[in-house]
Amino acid sequence: MAITSKTQRKVVYLKFPPERSGRPIMCNLTRLFDLTFNILSAHILPRGEGRMTLELTGTSDNYKKGIEYLKDQGIKTENVAQKISRDEETCIDCGLCTSLCASQALSVNPESRKVEFDSEKCTACGMCTRVCPVNAMNVELENGD
Ligand code: SF4
Ligand code: SF4
């Protein structure tokens with residue numbers, strides 16, 4: 001798929017019921033909806049339920065269709081950007097988190113020297129929550145704590 005100005009990138013968190021694990025659902029996102037996917041993390045819970053953080057790239061239209069397809073397959077989807085937050089009043093702009101944030105969702109503004117957070121870039125890796133001295137970052141995902 002060619003990357004154009006109409007393509008967008010989103011990170012979603014998926015919850016698979018046990019009977020869906022092992023099916024070619026991710027490949028179908030590419031085959032049926034021309035979406036490029038990148039699995040950022042995946043694990044299986046003891047009862048066989050799957051958890052996955054997935055980066056999807058494609059047109060807005062195809063993204064919506066792909067998400068509908070996942071829901072039709074019984075997979076619960078959550079937009080990762082809505083699950084990550086920073087307590088602006090608690091953050092002391094120490095910058096510790098920025099060196100660990102591989103997706104550059106956290107970065108230092110060179111002019112203000114304040115640390116800025118772009119939730120759309122966040123991949124819910126949870127690294128910032130481990131180093132933040134004042135617990136300003138909150139990741140509400142089972143694989144992000
Ligand atoms: S969880 Fe934190 S460190 Fe990981 S991508 Fe998001 S903001 Fe960056
Ligand atoms: S580590 Fe915590 S306090 Fe420091 S800049 Fe990041 S979010 Fe703010």
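Counting starts at 1 for both ligands and their atoms, in listed order.
A donor-acceptor contact shorter than 3.5 Å links the side chain of T30 to the backbone of L35. In this structure, N62 contributes its side chain and F33 its backbone to a donor-acceptor pair below 3.5 Å. Here the side chain of S99 pairs a donor or acceptor atom with the backbone of L96 at under 3.5 angstrom.
Within the 4.5 Å cutoff, side-chain heavy atoms of I67 are placed close to those of K71. Counting only heavy atoms from C-beta outward, the side chains of L56 and V12 approach each other to under 4.5 Å. In this structure, L70 and L29 have side chains that are in contact, with non-hydrogen atoms separated by less than 4.5 Å. At least one side-chain heavy atom of R86 sits less than 4.5 Å from a side-chain heavy atom of V115.
In terms of protein heavy-atom proximity, atom 4 (Fe) of ligand 1 is nearest to C125 SG, 2.3 Å. At the top of the distance list for atom 8 (Fe) of ligand 1, counting protein heavy atoms only, stands C101 SG, 2.3 Å. Here the protein heavy atom with the shortest distance to atom 1 (S) of ligand 1 is G126 N, 3.2 Å.
One of the N, O or S atoms belonging to C128 lies under 2.8 Å away from atom 2 (Fe) of ligand 1. Look at C97 and atom 8 (Fe) of ligand 1: no N/O/S atom of the residue is under 2.8 Å from the metal. At a cut-off of 2.8 Å, C132 is not counted among the residues with an N, O or S atom near atom 4 (Fe) of ligand 2.
The existence of a salt bridge linking E49 and K15 is excluded, since no basic side-chain nitrogen approaches an acidic carboxylate oxygen closer than 4.0 Å. A salt bridge does not link E78 to K76: none of the charged side-chain nitrogens sits closer than 4.0 Å to a carboxylate oxygen.
Contacts of D93 with ligand 2, taken as heavy-atom pairs under 4.0 Å, involve the backbone alone. At a heavy-atom cutoff of 4.0 Å, ligand 2 is contacted by the side chain of V115 but not by its backbone. At a heavy-atom distance under 4.0 Å, atoms from both the backbone and the side chain of T123 approach ligand 1. Under 4.0 Å from ligand 1, heavy atoms of C122 appear from its side chain as well as its backbone.
Atoms of ligand 1 found under 4.0 Å from any heavy atom of L106, numbered from 1 in the order shown, are 7 (S). Atom numbering of ligand 2 starts at 1 in the shown order; those under 4.0 Å from a heavy atom of V134 are 3 (S). Those atoms of ligand 1 with a heavy atom of F117 less than 4.0 angstrom away are 7 (S). Atom numbering of ligand 2 starts at 1 in the shown order; those under 4.0 Å from a heavy atom of C91 are 3 (S), 5 (S), 7 (S), 8 (Fe).
The closest heavy-atom contact to atom 7 (S) of ligand 2, among the options K114, M137, E116, comes from M137.
The shell of residues lying under 4.0 angstrom from ligand 2, judged by heavy atoms, includes G95.
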